[in-house]
Amino acid sequence: MSGHAANPPDFDALIIGAGFSGIAMLHLLREARLSARVFEVAPAVGGTWYWNTYPGARTDSESWYYCFSFSKALLEKWKWSERYPSQPEMRRYFDFALDELGLRPHIQCSTEVESAQWEDAARLWSVRTTDGKTTTARYLVSAMGLLNEPLYPSVPGMDRFEGGCYHTGRWPQEGVELGGKRVGILGAGASAVQFLPHAAEQAAQVTLFQRTPNYVFPARNRAITENQQRELQANYDAMWERIRGNLFAMPFEGSPANRLAAQTPPKERERIYSELWKTGGFRFFFESFDDLLVDEQANRTAADFMRRQIGDVVKDPATAAMLMPRDYPLFAKRPPSGQGYFEAFNQPNVRLVDVKRDPVVAIEPWGLRTRSGAEHRFDVLVLATGFRAFTGSFERTPVRGRDGVSLIDHWKRHGVRTWLGCAVLGFPNFFMLGGPQIPFGNAPTIVEHVAELAVACMLAARRRGADLVEIDPQAEREWNELVDQVMASTLVRHGEEVGSWFTGANVEGQKTSNMVYVGGANDYFRRCRETAAGGFREFAFR
């Protein structure tokens, strides 16, 4: 690419992270004949699917669209074994994709980025790794993921516990022996929902410490037959077209004829909910009614139905009542999907403790103590406490833009602000894939679109002979205003009240911001297309 001939960069682009977004970005850059290198801190690729090896870890989007869409060869050659693939199957998929696409030579694993600095005079990024080496590139791409940096609880005495202590997001690759052990699980989010049934099968005793109960969709996982596989592959083109036109980038039909829960007779509404509940997964929410995200009365009908399901499954009325979310609407927090979660509480070796009513005050060498003085003793402590969503990676890996200002400090000063979750004012030649304010939905499809946009912007710069690209302040301001306006019009706005990572409210002491765009992935894709077709008017090229 064009640049200062006296000091050409080592690569056109450096990518941090080799999960879905990093691999997609690398593939698209190679297709565009731009040189690129990926730095990945883990010993192998996969991102979240490398680190999350806890028992029960699997996707909760269906396999046939939770994958790369840009390669016909990948779609036709790879065969998924289950509706929701397990973590080991996801690892195998990434290895297959790397070999099929010939990308392995361009990825450097076990390489941690210590810092990335924009050099204004040279108009390039200088990236230092922990091995002491410095690499330069015209562009820097963050593909570090939105749920990557584990969130550890701020409970006194964490370092005093004498048993094994493991975060689900950094589970040991060799596994953990739970047989005959007493296990404490701190947290009741997506990883706890998946982990608990497996722990209950192995451990002598499992105690789950819950602060906020979750709306949990039944996964209804199943094997994929040969006939189903052939049918999927025969209809891939139509499916991807449907995905790109869907609010959440999933191949769902949506509710027929703008069906509204608030206007549907109760008996018919119950029939629709029951049918989709048996189908499993997110279809219960996304294919039932069009007003669940915006109308509190409508949302309550779905929430009431889910509470009744919990009451039907969990035999102990007191435990069932504790497991029922009551203080917030469905989708104010990201709802998990699980297999056998509520059923696990019927087992005699599983207990539930409400730490909102009786908070944890200290970790002791033998377990934990709550405010009431209750002592809970266990051999293994599992931290299912989630992630520092969107921003956590930039706390671990400082990215410094103009005048040496780090992205984290920039956001602390001005609030989390981006353009399309992709570019940030004051950070030239920098793109994020999976950054704050991208749409909520099927992540692989969304980050592919962001990667396509970023590569198209780089190629537009090359055509103009420009070596500096930066987002226009007004474009960034308008996007942030839209993100806030749309959030305010939906029930997702209640996320701040219930500690949702949709607003960053799960991180204690962090200033909350709207971290996701809920105006629809399809609307977002349209904006990406219009930006490229319009010659990237939202950017300054110099």
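Excluded from the calculations below are hydrogen atoms, water molecules and symmetry mates; all remaining heavy atoms, backbone and side chain alike, are included.
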If you measure from OG1 on Thr418 to CZ on Phe427, what distance do you get to the nearest 0.5 Å? 12.5 Å
If the plane angle is over 60° it's perpendicular, under 30° parallel, otherwise tilted; pick one for Phe502 and Phe331. parallel
Could you give the distance from CH2 (Trp118) to CG (Asp403), rounded to the nearest 0.5 Å? 12.5 Å
Just verifying a value: how many Å separate Leu276 CG and Phe282 CZ, rounded to the nearest 0.5 Å? 14.0 Å
Going by ring pair (Phe, Tyr, Trp, His ring centres under 6.0 Å), name the residues that satisfy it together with Trp64, two or more places apart in sequence or in a different chain. none
Please check if the side chain of Asn235 supplies one atom and the backbone of Ala238 the other of a donor-acceptor pair under 3.5 Å. no
Write down the atom of Asn52, the atom of Gly169, and the distance for their closest heavy-atom approach. OD1-CA, 3.5 Å
Which of Arg259, Arg242, Arg283 passes salt bridge (Lys or Arg N to Asp or Glu O under 4.0 Å) with Glu253? It is Arg242
Arg33 atom CZ, over 12 foreign heavy atoms within 6.0 Å: no
Which atom names give the shortest non-hydrogen contact between Ala188 and Asn214, and what distance separates them? O-ND2, 2.7 Å
Quick one: sort the Tyr93 and Phe20 rings into parallel, tilted or perpendicular, breaks at 30° and 60°. tilted
Side-chain heavy atoms of Asp290 within contact of Leu260, under 4.5 Å: yes
Going by heavy atoms in the side chains, are Ile471 and Phe536 under 4.5 Å from each other? no
Answer yes or no: is there a donor N or O on one side and an acceptor on the other, between the side chain of Glu112 and the main chain of Thr130, under 3.5 Å? no
Phe39 vs Thr135 side-chain heavy atoms within contact, under 4.5 Å: yes
Run the side chain to side chain donor-acceptor pair (under 3.5 Å) test against Ser126 and tell me which residues pass, sequence neighbours left out. none
What about Phe539 and Trp419, are their ring centers closer than 6.0 Å? yes
Between Asn442 and Thr445, do the side chains contain an N or O donor and an N or O acceptor separated by less than 3.5 Å? yes
Determine whether Leu75 and Cys67 make a side-chain contact, defined as any pair of heavy atoms from C-beta on separated by less than 4.5 Å. yes
Would you call the rings of Trp80 and Trp78 parallel, tilted or perpendicular if under 30° counts as parallel and over 60° as perpendicular? perpendicular
Indicate yes or no: does Glu149 engage Arg388 in a salt bridge with an N to O separation below 4.0 Å. no
Charged N-O contact under 4.0 Å between Lys511 and Glu496: no
Where is the tightest heavy-atom contact between Gly145 and Ser393, given as atom of each residue plus distance? O-OG, 3.8 Å
May I ask you to decide if the ring planes of Phe394 and Phe430 are parallel, tilted or perpendicular, using 30° and 60° as cut-offs? perpendicular
May I ask you to check whether Ser69 and Glu448 show a side-chain donor-acceptor distance below 3.5 Å? yes
Answer yes or no: is there a donor N or O on one side and an acceptor on the other, between the side chain of Trp411 and the main chain of Arg417, under 3.5 Å? yes
Do the rings of Phe286 and Phe248 sit parallel, tilted or perpendicular, given the 30° and 60° boundaries? parallel
Got Met432 and Leu407 here, is their nearest side-chain heavy-atom distance under 4.5 Å? yes
Between Phe252 and Tyr65, is any pair of side-chain heavy atoms under 4.5 Å apart? yes
Check: Thr168 side chain, Ser191 main-chain N or O, donor-acceptor pair, under 3.5 Å: no
Between Trp51 and Arg170, is there a cation-pi geometry (under 6.0 Å to ring centre, at most 45° from the normal)? yes
Ignoring hydrogens and angles, state whether a donor on the side chain of His494 or Glu497 is under 3.5 Å from an acceptor on the partner side chain. yes
Modelled atom types, side-chain donor and acceptor of Arg37 and Gln108, under 3.5 Å: yes
Would the distance check show the side chain of Asn299 and the main-chain N or O of Pro329 forming a donor-acceptor pair, the cut-off being under 3.5 Å? no
Flag for Glu481-Gln485: side-chain donor and acceptor within less than 3.5 Å: no
Give every residue pair that meets the side chain to side chain donor-acceptor pair (under 3.5 Å) criterion with at least one member in residues 22-31, sequence neighbours excluded. Arg30-His106
Salt bridge (charged side-chain N to carboxylate O under 4.0 Å, His left out) partners for Asp131, two or more places apart: none
Salt-bridge test for Arg400 and Asp409: reply yes if a basic N is under 4.0 Å from a carboxylate O, no otherwise. no
Do Asp467 and Arg123 meet the salt-bridge criterion of a basic N to acidic O distance under 4.0 Å? yes
Separation between OG (Ser142) and CG (Leu14), nearest 0.5 Å, reads 12.0 Å
Could you pull out the closest heavy-atom pair between Pro9 and Arg138, with the gap in Å? CD-NH2, 3.5 Å
Roughly how far apart are Glu476 CD and Leu420 CG, rounded to 0.5 Å? 10.5 Å
Donor-acceptor pair, Asn148 side chain versus Met144 backbone, under 3.5 Å? yes
Is there a donor-acceptor contact under 3.5 Å from the side chain of Glu470 to the main chain of Ala540? no
In this structure, SG of Cys422 is separated from CD1 of Ile438 (nearest 0.5 Å) by 10.0 Å
Applying side chain to side chain donor-acceptor pair (under 3.5 Å) as the test, list every pair that has at least one member in residues 520-533; sequence neighbours left out. Tyr517-Asp523, Asp523-Arg526, Asp523-Arg527, Arg526-Glu530, Thr531-Glu538
Quick check: does any side chain N or O of Gln510 sit under 3.5 Å from a backbone N or O of Gly504, one acting as donor and the other as acceptor? yes
Between Arg334 and Asp60, is there a salt bridge with N-O shorter than 4.0 Å? yes
Any donor-acceptor pair under 3.5 Å from Glu119 side chain to Ala121 backbone: no
Of the non-hydrogen atoms in Thr59 and Tyr84, which two are nearest, and what is the gap between them? O-CB, 3.4 Å
Are Ile107 and Leu98 packed together at the side-chain level, in the sense that at least one heavy-atom pair is separated by less than 4.5 angstrom? yes
All heavy atoms of Gly434 vs all of Phe390, minimum pair found to be O-CD2, 3.6 Å
Could you tell me if Asn514 and Gln437 have a donor-acceptor pair between their side chains, going purely by distance under 3.5 Å? no
For the backbone of Asp295 and the side chain of Asp291, can you confirm whether one donor and one acceptor N or O come within less than 3.5 Å of each other? no
Could you check if a side-chain atom of Leu330 sits within less than 4.5 angstrom of a side-chain atom of Phe217, using non-hydrogen atoms only? yes
Does atom CD (Glu395) have a neighbourhood of more than 12 heavy atoms from anything else shown, all under 6.0 Å? yes
Cation-pi between Arg244 and Phe525: NZ/CZ under 6.0 Å from ring centre and within 45° of the ring axis? no
Is the distance between the ring centroids of Phe11 and Tyr139 under 6.0 Å? no
Checking side-chain polar atoms at under 3.5 Å, does Tyr328 have a donor or acceptor matched by the opposite partner on Ser500? no
Not counting sequence neighbours, which residues clear salt bridge (charged side-chain N to carboxylate O under 4.0 Å, His left out) with Lys72? List them please. Asp237
